[in-house]
Amino acid sequence: MGRGRAAGRRRSPLGAFALAGVMALVSGCGSPVDFYRPGEGGADEPVVGLGGAAPYVRPRPGRPRAADPPGGVPVAPAGGRVYAATGPGMIAPGARGMPARLYVADGRGIEVIDPRTLRLVGRVGGGVAASAVVPSWDMRRLWAADTVHGVLVPVAVRTGRRGRPVKVADPAGLFFTPDGRTALVVAGRPRRLEVRDPRTMRPRASVPLPCAAANGDFSLRGRTLVLSCAAAGTLVRADVPRRRVAGAVRLPDGARPGDVRLSPDGGTFFVADAAKGGVWAVDARAFAPRGFVRTAPGARGLAISRDARRLFVAGGGTLAAIDFRTRRVTARWPLPGGGDAVPGGVSSDGRALWLADSSGLVYAVSTRTGRVLRHARLRGRPAGLCVHPQPGRYSLGGTGLYR
């Protein structure tokens with residue numbers, strides 16, 4: 001693998017620093033790990049490289065209910081707060097010891113990068129046109145969504161072994177119910193929500209949707225999944241236990257909703273809007289808009305700080321931070337290149353937010369100052385980014401949804 005040269009002492013939009021091996025991602029490398037090939041079954045080479053994960057700090061448990069899965073993992077938020085179990089270093093036992101990795105979906109495959117060295121340590125290639133990488137409920141498996149070939153490709157995190165692709169029509173989104181017993185696949189073009197087995201992805205039921213959806217998040221108790229339909233400017237509320245659409249709300253004309261995040265108190269859904277340049281606050285109970293926070297044109301991706309006090313809004317060359325309590329923008333930072341960046345997740349210690357943009361840039365910015373901490377330029381055009389593992393008792397899928 002070739003080595004890049006230092007960027008020099010002159011300041012640049014990416015910061016005055018250089019990291020050995022960054023440009024190696026551009027120049028290519030010998031014998032990359034290719035741990036999935038379409039049409040094959042069985043094992044393949046494991047992902048090379050080992051890495052440590054932050055220690056797990058056991059959160060204060062909620063009261064287990066009869067519907068809880070084996071092991072007593074509570075469905076209700078721990079301590080009455082939605083993100084009480086996603087604080088710094090709170091890696092779940094099932095994810096302990098997993099190597100910290102960046103999984104970058106570039107439409108041709110998935111590049112696997114060590115976030116500490118920014119070296120390429122593996123690649124899912126062989127014709128996998130991945131647009132997103134989603135952790136399973138127990139975080140022991142990753143699902144690569146390939147909308148071109150209409151498949152979901154499973155990959156075991158610890159061993160790098162992959163399973164057979166599962167046929168799914170236009171998998172625009174993948175979610176898991178808080179009890180871990182159900183997978184919900186958002187089929188974009190067919191406009192439906194498919195209810196499937198979370199391990200095998202075998203179909204169980206199908207719920208027609210009024211519009212083509214993609215992004216979403218669950219309500220406080222996990223009984224409702226709120227989905228955004230960008231082209232229709234609409235939010236849809238799906239009743240998960242009853243397997244039906246329970247309501248829809250049309251945002252003001254011209255709205256183009258994107259990422260969805262539930263507030264720490266569970267009372268509000270925040271919805272990014274690239275067209276309006278900000279975030280809608282939607283009452284979770286009444287399912288109606290209750291305000292709008294303007295951030296910057298092109299706002300599309302959302303992420304939550306490790307202390308659950310701020311909502312990060314990315315897009316249009318800007319990263320904004322919104323205080324959940326006051327609903328005011330506390331910071332606006334320019335992003336490198338002014339590209340259309342998508343968040344991949346906050347680091348386990350909460351100090352960095354990883355983003356990727358379509359120009360091929362993957363980088364981490366400080367969650368305190370907005371300064372670029374490190375960066376790498378890839379050969380492809382990133383369409384999705386997944387930081388794994390992240391703190392939380394379990395993954396709800398989507399783009400970095402944890403509880």
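These numbers come from the heavy atoms of this one structure, side chains and all, not from hydrogens, waters or symmetry mates.
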Would you name the heavy atoms of [X] and [Y] that are closest together and state the gap between them?
X	Y	answer
Gly233	Arg250	O-CD, 3.6 Å
Pro252	Trp280	CG-CH2, 3.4 Å
Pro389	Ala95	CB-CB, 4.0 Å
Ala255	Lys276	N-CE, 3.8 Å
Ser348	Ile91	OG-CD1, 3.9 Å
Val365	Gly370	CB-O, 3.9 Å

So, does [X] use its side chain to make a donor-acceptor pair with the main chain of [Y] at under 3.5 Å?
X	Y	result
Ser305	Arg310	yes
Trp354	Val362	no
Ser395	Pro135	yes
His388	Arg141	no
Ser347	Ala352	yes
Arg300	Gly316	no
Arg374	Pro115	yes
Arg309	Arg325	no

Name the residue from Arg101, Arg377, Arg123 that meets the salt bridge (charged side-chain N to carboxylate O under 4.0 Å, His left out) definition with Glu111.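 Single salt bridge (charged side-chain N to carboxylate O under 4.0 Å, His left out) partner of Glu111 among Arg101, Arg377, Arg123: Arg123.
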side-chain contact (heavy atoms from CB on, under 4.5 Å) assessment of Leu335 paired with Trp333: CA-CA 6 Å; Leu335 294 176; Trp333 301 306; 5.7 Å; no
First locate atom [atom1] of [X], then atom [atom2] of [Y], and finally report the distance between them rounded to the nearest 0.5 Å.
X	Y	atom1	atom2	answer
Tyr402	Met90	OH	CE	14.5 Å
Phe176	Asp138	CZ	CG	8.5 Å
Thr147	Asp170	OG1	CG	6.0 Å
Leu355	Asp340	CG	CG	11.0 Å
Thr224	Phe218	OG1	CZ	9.5 Å
Leu102	Ile110	CG	CD1	12.5 Å

Quick test of your reading of the model: are [X] and [Y] salt-bridged, counting only N-O distances below 4.0 Å?
X	Y	result
Asp217	Arg403	yes
Asp197	Arg199	no
Asp265	Arg81	no

side-chain contact (heavy atoms from CB on, under 4.5 Å) evaluation trace for Leu401 with Arg261: CA-CA 8 Å; Leu401 301 180; Arg261 285 294 185 278; 3.4 Å; yes
So, do [X] and [Y] sit near enough that their side-chain heavy atoms are less than 4.5 Å apart?
X	Y	result
Val195	Leu184	yes
Gln390	Thr86	no
Arg243	Thr182	no
Leu235	Leu227	no
Arg368	Arg351	no
Trp137	Asp179	no
Cys386	Val134	no
Tyr83	Leu262	yes

Only one of Asp273, Val260, Thr234 passes side chain to side chain contact (heavy atoms under 4.5 Å, CB included) with Ser228; say which it is.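 Result for side chain to side chain contact (heavy atoms under 4.5 Å, CB included) with Ser228: Val260.
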Within 6.0 angstrom of Arg204 CZ, more than 12 heavy atoms from elsewhere: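 Atom CZ in Arg204 is crowded, with more than 12 foreign heavy atoms closer than 6.0 Å.
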Could you walk me through whether Leu142 and Val157 pass side-chain contact (heavy atoms from CB on, under 4.5 Å), step by step? CA-CA 7 Å; Leu142 299 174; Val157 177; 3.7 Å; yes
Evaluation steps, side-chain contact (heavy atoms from CB on, under 4.5 Å), between Leu174 and Met201: CA-CA 11 Å; Leu174 173 61; Met201 290 296 164; 3.8 Å; yes
Distance-only polar pair, side chains of Arg306 and Thr367, donor-acceptor under 3.5 Å: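 Absent: no donor and acceptor within the cut-off.
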